[in-house]
Peer 1: 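One structure coming up, written as structure tokens, with questions to follow.
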Amino acid sequence: MNAMVKAEAVHKSFGPLEVLKGINLEVAPQEVFCIVGPSGSGKSTFLRCINHLEKINAGRLYVDGTLVGYREHGNKLYELRDREVAAQRRDIGMVFQRFNLFPHMTAVENVMEAPVLVKGVSKAKARERARAMLDRVGLGDKTDSYPSQLSGGQQQRVAIARALAMEPKLMLFDEPTSALDPELVGEVLDVMRDLAEDGMTMIVVTHEMGFAREVGDSLVFMDDGVVVESGHPRDVLTNPQHERTKSFLSKVL
């Protein structure tokens with residue numbers, strides 16, 4: 001069975017700054033894979049490389065057995081055209097720290113936009129699915145609300161519904177609760193818990209250690225562009241082996 005995500009010696013630099021220094025990891029289908037670490041450790045950059053929002057400088061990244069962003073010919077990599085990259089991205093949902101909703105569109109219009117524009121789904125069918133997705137994230141009563149009428153937690157749940165409307169096989173979450181007031185964090189994590197129970201493959205960059213411990217199947221601790229430690233979340237969080245992991249966890253737990 002293919003790994004859903006496989007990273008082989010992934011490197012990424014921004015000018016002279018090397019942000020990822022050879023990341024190797026695998027995420028199995030239906031796995032909830034959590035990435036923790038200090039700011040600037042490369043977590044978000046790695047997530048953005050998975051759907052080619054950032055181009056890697058060396059190594060290989062595969063999603064569901066397919067090389068992301070490139071095709072390989074005679075051991076050389078050739079970058080795919082924008083259209084081909086966009087086609088790959090259709091299968092990968094991404095939820096950012098900021099909700100990035102269209103302010104002039106209602107919740108249901110935000111969710112149905114991509115299926116209509118990208119997949120050519122009819123408006124009627126897209127609206128029906130968008131309503132179902134909003135129901136799924138507990139916002140069935142907010143379909144006609146504009147983002148400005150919703151709390152931060154509700155806006156983030158609309159963003160999750162929008163990603164789900166594309167029927168992705170993989171969901172990437174980049175610190176989805178970090179921009180929220182503390183009392184709104186739970187409602188977003190609850191939606192993510194439900195997705196995990198439904199078998200969605202998820203990679204979650206997070207500071208929510210309780211979520212990682214309860215819901216995660218695997219956890220990696222990243223620092224300074226490398227994976228320092230990995231294992232089952234409970235093992236890593238309660239009995240870290242590496243001094244750098246111990247030091248980080250002592251500050252956040």
Peer 1: Would you check if Asp64 and Lys169 make a side-chain contact, meaning some heavy-atom pair closer than 4.5 Å?
Peer 2: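 Contact flag for Asp64/Lys169 side chains = yes.
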
Peer 1: With no hydrogens and no angle check, do the side chains of Ser247 and Lys251 hold a donor and an acceptor under 3.5 Å apart?
Peer 2: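 A pair is found: one side chain offers a donor N or O, the other an acceptor, under 3.5 Å apart.
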
Peer 1: Considering only heavy atoms from C-beta outward, does the side chain of Met222 approach that of Val228 to under 4.5 Å?
Peer 2: no

Peer 1: Above 12 or not: heavy atoms from other molecules or residues under 6.0 Å from NZ of Lys55?
Peer 2: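 No, not enclosed.
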
Peer 1: In chain order, what residues pass the salt bridge (Lys or Arg N to Asp or Glu O under 4.0 Å) check against Asp223, with sequence neighbours excluded?
Peer 2: Arg244

Peer 1: Would you check if the side chain of Thr206 reaches a backbone N or O of Glu208 as a donor-acceptor pair within less than 3.5 Å?
Peer 2: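 Confirmed, Thr206 side chain pairs with Glu208 backbone.
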
Peer 1: Is Arg90 salt-bridged to Glu167, cutoff N-O under 4.0 Å?
Peer 2: no

Peer 1: Any chance the side chains of Gln88 and His52 put a donor and an acceptor closer than 3.5 Å?
Peer 2: no

Peer 1: Between Glu18 and Lys21, is the closest basic N to carboxylate O distance under 4.0 Å?
Peer 2: no

Peer 1: Counting only N and O atoms by type, is there a donor-acceptor contact under 3.5 Å from the side chain of Ser122 to the main-chain atoms of Lys125?
Peer 2: yes

Peer 1: Not counting sequence neighbours, list each pair that qualifies as a ring-ring contact (aromatic ring centres under 6.0 Å, His included) and has a residue in residues 227-251.
Peer 2: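 Applying ring-ring contact (aromatic ring centres under 6.0 Å, His included) to every pair that reaches into residues 227-251, excluding sequence neighbours, yields Phe221-Phe248.
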
Peer 1: Quick one: salt bridge (Lys or Arg N to Asp or Glu O under 4.0 Å) partners of Asp198, sequence neighbours excluded?
Peer 2: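 Asp198: salt bridge (Lys or Arg N to Asp or Glu O under 4.0 Å) contacts with Arg136.
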
Peer 1: Would you call Glu214 and Arg193 a salt bridge, taking side-chain N to carboxylate O under 4.0 Å as the test?
Peer 2: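 Arg193 and Glu214: salt-bridged.
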
Peer 1: Are Thr143 and Thr106 side-chain neighbours, meaning at least one heavy-atom pair lies under 4.5 Å?
Peer 2: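 SC-SC contact between Thr143 and Thr106 ruled out.
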
Peer 1: Indicate yes or no: at least one non-hydrogen side-chain atom of Phe99 is less than 4.5 angstrom from one of Leu180.
Peer 2: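 In contact.
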
Peer 1: For Glu229 and Thr245, which I'm curious about, is there any donor-acceptor pair between the side chains at under 3.5 Å?
Peer 2: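 Their side chains do contain a donor-acceptor pair, which is all the 3.5 Å distance test asks for.
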
Peer 1: Taking only Lys NZ, Arg NE, NH1 and NH2, and the carboxylate oxygens of Asp or Glu, determine whether Arg60 and Glu8 approach each other closer than 4.0 Å.
Peer 2: no

